[in-house]
Amino acid sequence: MTDYSRLLNAEQCEAATAGDGPLLVLAAAGTGKTRTLVYRVAYLVERGESPDGLLLLTFTNRAAREMLERAREVAGDAVGNLWSGTFHHICNRFLRRFADRLGYRHDFTILDRDDSRTLIDQCIRDTVRNKKDFPKRDVIASLIGAAANRGCDIEDVLETGLDELHADPLEIVTVANQYAKRKLAMGAMDFDDLLVQGLRLLTEHEPVRALYQDRFRHVLVDEYQDTNLLQARMVDLLAGKNKNVMAVGDDFQCIYSWRGADFRNIMDFPTRWEGCRIVKLEQNYRSAPEILDVANACIRGNPEQFQKTLRPTRKARSKPRVFLLRDGEEQASALLTLVRRYQDDGYNLRDMAVLYRAHFHSIELQMALGRARLPFVITSGVGVFEQAHVKDVVSFLRLCETPADRLSFGRLLGMLEGVGEKTTDTLWEKLGGAFDSRDPEQRARLCAAMKPAARDTWRGIDRLFEQYHQEHLATDGGEIVQRFCDGFFHTYLYRAYENGEKREEDIRELALQIGKSGHVSTFLQEVALLTNIDHEYDRMAREHADMLHLSTVHQAKGLEWPVVFVLWAVEGMFPSSRSVGEAENDAEERRLFYVAVTRAKDELALFAPAMRRTRDGGVFFCKPSRFIKELPRGLVRENYGLRD
């Protein structure tokens, strides 16, 4: 037998070599949970457990592959027979064998995202009377997915999601029901169905459930705090006979309630599993002691949790710093200066990350980085000006300024009811291959040539073109963007896109930033420069270039960098104004801040601007985040501006 006490610390060894029965491993940030899981697998195999009697459930197939490879290095090739993968992957294996019990063929089709959206489009076309005001397919797909992952009816989701949709809930339910019927008739499942139908198979068919309960002597679950109700129920069923279940997770890092993760799953685990043993991993190998002091103090404020204290293994460094700045502009300038200082100290750009609570917090910084030609990569997705809803608004601005912009013409008209690519081509040809928003006669010809379904909406946009030129709004681009949103885009945004509220925040911030460019044409030039740089950086990223990382905190979970900057650590932004008030939401915001802090290895800088400027030139004042104000004195260094 391997001497695990020599390879693992005492806490990890206790978890990896635990006996049979339910086990909850509370693995705090940076404490080696993956290593512990890998050695648990190796220990079980060495103890005589058959690898094909082990089930390892993860949240990414990549994580499963990495764990399997590392376990193979320890215990040999035998572990290759272990069942491992995501919940959806494992459900697919169940269903390929027993789908007929649910009325499906064994060779059922799995719809990809595009197939699913196309089928929803067909359901909308065939069942909805007033398609003009009905939500687009992505919004409907989001609602259907939310219901599936929460294990509830779509009616329950609609109770809280209809405020901005202005749609008939009965029609949405009808579309959802039609979608389900057509999938079944096609013998197809979408991604969410794999989990729903997999759980149904285990719940409703006792022989199938017994087969897998007998097969899996041990069930191991990674990132247990991220499970939704369906996933937790599946774990309970599979481990229900042998009761050898190992859940590894950290309640401090439960930050995905918005996509169905249920905090109660990990908190109630010891209650659901009688005789559950709890092992805490608290020895941190990632961060400097001073960073851990901030993390421990921050998370201590949450009332309902398994108390843990991160213990450092690294030598002392400098204290984290809080920069109390004037506004967002000074924040961007200070960050650029700090980045260059760290470069002088020997850090590469790839060693540094900028984290933020929401995408719109980074718009000002992205523009500043573009002007400075400082290479960066968006870890949490595409750059702000590559996002569809932002490109929609920019297309309107381009048509205000550029007569020959065929792409923007097509994008803007494509938002109208019944206007597709063919119609756009016809209209463009009728206009002679150019659209000049300054020309009233040409605008009138365009309006007259439109189909009645689109004409009324276009008249409102046409009036905005007239206002733009007559009121000389080129020097007040924020105002015309606001009018565009109020008169048309707000309604379209919630009908066409999921997460409409977050996207609207992006647009409001965009309107604010336009004013800083002085003129709309100048702003459009900066956008063109930035998006071209983005494409170049995408190419460079594939070549592992040296670039600054930008990410939301949600997307940064599981990652780490030597140097971390946190933007807008102020009340109303971090914590988010949408989350403040209810105790459960406050607790999740604190966990999110904890995740941000614990991404840092060597250096941590928190930015707290004193005010945010508004589009009309006003300001509203900001207070430093409660997560900063609650820290005991002496844990951080406060800096006013960049003064040392």
Side-chain angles (χ1 to χ4, degrees), residues 28-32 252 282-301 308-326 330-357 365 369 374 376 546-551 553 556-557 559-570 574 590 592-610 624-644:
T31 57
F252 287 3
E282 299 174 294
Q283 196 164 327
N284 179 280
Y285 295 90
R286 176 188 299 158
S287 304
E290 294 78 6
I291 293 172
L292 298 185
D293 288 341
V294 171
N296 287 328
C298 155
I299 200 63
R300 201 172 290 131
K308 300 180 289 296
T309 301
L310 290 167
R311 302 192 309 273
T313 58
R314 296 182 52 193
K315 294 181 180 179
R317 293 181 60 92
S318 58
K319 293 179 182 179
R321 289 186 288 178
V322 175
F323 288 93
L324 302 169
L325 305 163
R326 183 181 65 252
E330 187 177 40
Q331 174 179 246
S333 176
L335 192 143
L336 283 166
T337 300
L338 284 172
V339 165
R340 294 188 178 105
R341 286 186 186 178
Y342 283 120
Q343 284 181 296
D344 291 341
D345 290 340
Y347 288 102
N348 296 310
L349 286 175
R350 71 171 69 91
D351 298 326
M352 296 180 252
V354 182
L355 306 183
Y356 34 87
R357 173 65 180 82
L365 176 63
L369 292 171
L374 190 76
F376 65 94
D546 186 28
M547 292 183 289
L548 180 69
H549 289 261
L550 273 63
S551 177
V553 181
K557 183 175 171 290
L559 304 176
E560 60 185 47
W561 294 271
V563 180
V564 168
F565 310 101
V566 180
L567 297 183
W568 288 110
V570 298
F574 202 167
R590 190 179 302 279
L592 196 60
F593 191 79
Y594 170 87
V595 169
V597 168
T598 54
R599 299 312 93 195
K601 297 167 69 175
D602 300 343
E603 301 285 340
L604 173 66
L606 309 171
F607 294 93
S625 171
R626 65 191 65 183
F627 308 138
I628 293 175
K629 299 295 286 184
E630 291 170 358
L631 294 174
R633 291 181 62 86
L635 290 191
V636 296
R637 290 181 293 158
E638 290 189 352
N639 296 72
Y640 292 88
L642 279 178
R643 290 177 294 176
D644 293 326

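Positions are given from 1, in the same order as the sequence printed here.
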Could you tell me which residues satisfy side chain to side chain donor-acceptor pair (under 3.5 Å) with K601, sequence neighbours excluded, listed by chain and number? none
Closest approach of A29 and N284, non-hydrogen atoms and distance? O-ND2, 2.6 Å
N348 CG to W561 CH2 distance, which is reported to the nearest 0.5 Å: 15.5 Å
Quick one: list whatever passes salt bridge (charged side-chain N to carboxylate O under 4.0 Å, His left out) with R317, sequence neighbours left out. E603
Any side-chain heavy atom of V354 within less than 4.5 Å of one from F376? no
I'd like to check L355 versus S551 (side-chain heavy atoms, cut-off strictly below 4.5 Å). Are they in contact? yes
Please enumerate all residues that pass side-chain contact (heavy atoms from CB on, under 4.5 Å) together with L324, with sequence neighbours excluded. V322, A608, P624, E638, Y640
Between T31 and Q283, is there a side-chain heavy-atom distance shorter than 4.5 Å? no
Got V566 and V553 here, is their nearest side-chain heavy-atom distance under 4.5 Å? no
Return the minimal non-hydrogen interatomic distance between Y342 and M352, and the atom names on each side. CB-SD, 3.8 Å
Supply the atom-to-atom distance L606 CG to F627 CZ, rounded to the nearest 0.5 angstrom. 12.0 Å
Please table the atom pairs, donor to acceptor, closer than 3.5 Å between any side-chain atom in residues 291-301 and protein atoms at least two apart or in another chain.
from: N296; atom 1: OD1; to: L310; atom 2: N; distance (Å): 2.9
from: N296; atom 1: ND2; to: L292; atom 2: O; distance (Å): 3.2
from: N296; atom 1: ND2; to: L310; atom 2: O; distance (Å): 3.1

When you look at V563 and D351, which way does the side chain to side chain contact (heavy atoms under 4.5 Å, CB included) test go after all the steps? CA-CA 6 Å; V563 180; D351 298 326; 5.5 Å; no
So which pairs with a foot in residues 282-291 pass salt bridge (charged side-chain N to carboxylate O under 4.0 Å, His left out), sequence neighbours left out? E282-R311, R286-E560
Given the rule in the side chain to side chain contact (heavy atoms under 4.5 Å, CB included) test, do D546 and R350 qualify, once you have shown the distances and angles that lead to the verdict? CA-CA 5 Å; D546 186 28; R350 71 171 69 91; 3.5 Å; yes
Shortest non-hydrogen contact from V564 to A596? CG1-O, 4.1 Å
Short question: side chain of R599, backbone of L559 - any donor-acceptor pair under 3.5 Å? yes
My understanding is that only residues two or more places apart in sequence, or in another chain, count here; which of them pass salt bridge (charged side-chain N to carboxylate O under 4.0 Å, His left out) with R357? E589
Just say parallel, tilted or perpendicular for the rings of F593 and F574, cut-offs at 30° and 60°. perpendicular
Which heavy atom of S318 sits nearest to which heavy atom of R637, and what is that distance? CB-NH2, 3.9 Å
Atom pair CH2/CG of W568 and L325 - distance to nearest 0.5 Å: 9.0 Å
Listed partners of Y594 passing ring pair (Phe, Tyr, Trp, His ring centres under 6.0 Å), at least two apart: F252
Those residues that, when tested against A605, pass side-chain contact (heavy atoms from CB on, under 4.5 Å) (two or more places apart): F323, F565, F607
Nearest-0.5 Å distance, CD of residue Q343 to CZ of residue R340: 7.5 Å
Residues which pass side-chain contact (heavy atoms from CB on, under 4.5 Å) with R326, listed by chain and number, not counting sequence neighbours: E330, M611, R613
Do the side chains of L369 and L550 get nearer than 4.5 Å, heavy atoms only? yes
